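Computed from a predicted structure; not experimentally measured. Indexing begins at 1, ligand by ligand and atom by atom, following the structure's order.
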Amino acid sequence: MKSLLYSPIAFLILKGVDAHYLFGRLIANNVITPQFEYVREIAPVYSGVDTTRTYPFYDVLSPDFRCNRNATTTGSKTKTVTVAAGSEIGFHVGDLSVSGGPASLRIFHVGPGSIWLSKAPGALETYEGDGDWFKIASVTSKPGGNYYDWYLYDMTSWNVTIPSTTPPGQYLLRIEHIYPRPDKRERPDQPLVPDTQFFISCAQIEITGEGGGTPGPLVRIPGVYQLHQADVFFDSSGMFDVTKYVAPYPPVWAG
Ligand SMILES: *[C@@H]1O[C@H](CO)[C@@H](O)[C@H](O)[C@H]1NC(C)=O
Ligand SMILES: *[C@@H]1O[C@H](CO)[C@@H](O)[C@H](O)[C@H]1NC(C)=O
């Protein structure tokens, strides 16, 4: 055991304990559902190392920015839950027993969070999220203004209300938690590269109700964020006053 603990792979895995998490469990109809039952499965960074599913995503220009690593294509393995417009929906961080290892069971990093919807034009299981998206919830700071006074920091779950006039139909429901970080260089002679971390998941839901609303503004993912934009790629440490932070475009559609 001792030799394993000091091996490089154990170090990597243990580092994962402290640093990362994934939103693997949908909360619907007041039930915290099992990991990857209604949330599309996210591929690990290192094949065969299950805990690396929790590793952050970095590339805002990739189609995988919609639902995380390879999750545009895991819909056929994912169930769809029926929820009423006007009811609560949410995400809970990963489940130790299912992820097969020490995924963090709380939102370990600071930063803003948001929840989004995209209506599938055809079958939801094969929908890759390449249509229109709108935002239904956004949280930034809580009172205080210090480094750790972000709303989601240290929480294990987050629930929001589906706007009551949301048009009925099958949707991808997306959570995005941003851990803002300044651009960095691997070496002094190399260019600055983005280093902000994104924790993203998509669930499959069918919304029922009267509808009647016109969701918007609508955006595409990728496309919603540009590299280096100031409200996504910045230094969130030190003297940064989180109460002064304004979440990036688009604004929330309230229904
Ligand atoms: C979200 O909803 C679930 C199920 O009702 C509940 O167990 C959990 O405590 C809620 N989370 C928060 C942060 O209120
Ligand atoms: C992700 O998808 C690509 C392309 O289909 C595939 O080559 C790769 O093995 C997948 N990665 C994982 C970790 O499943």
Numbered atoms and elements of ligand 1 in range of I27, under 4.0 angstrom, heavy atoms: 1 (C), 2 (O), 3 (C), 4 (C)
Taking distance alone, with N or O pairs closer than 3.5 Å, would you say W158 contacts ligand 1? no
In one Ile/Leu/Val/Met/Phe/Trp/Tyr side-chain cluster, 4.5 Å: Y55, F65: no
What protein heavy atom is closest to atom 1 (C) of ligand 1, reported as residue, atom name and distance in Å? N159 ND2, 1.5 Å
How many angstroms lie between NZ in K135 and CG in L117, if you round to the nearest 0.5 Å? 12.5 Å
For ligand 1, indicate whether the residue H92 contacts it via side chain, backbone, both or neither (heavy-atom separation under 4.0 Å). neither
Between Q204 and the options Q170, K79, R40, E37, the side chain to side chain donor-acceptor pair (under 3.5 Å) test singles out R40
Under 4.0 Å from a heavy atom of M155: give me the atoms of ligand 1 that qualify, with their elements. 13 (C)
For D59 and L61, indicate whether the former's side chain and the latter's backbone hold a donor-acceptor pair under 3.5 Å. yes
Output the list of atoms in ligand 1 that are nearer than 4.0 Å to some heavy atom of I32, sorted by atom number. 7 (O)
Parallel, tilted or perpendicular: ring planes of Y21 versus H109, cut at 30 and 60 degrees: tilted
Looking at ligand 1, would S157 count as a contact under a 4.0 Å heavy-atom criterion? yes
Would you please say whether a donor-acceptor pair under 3.5 Å links the side chains of S118 and Y127? yes
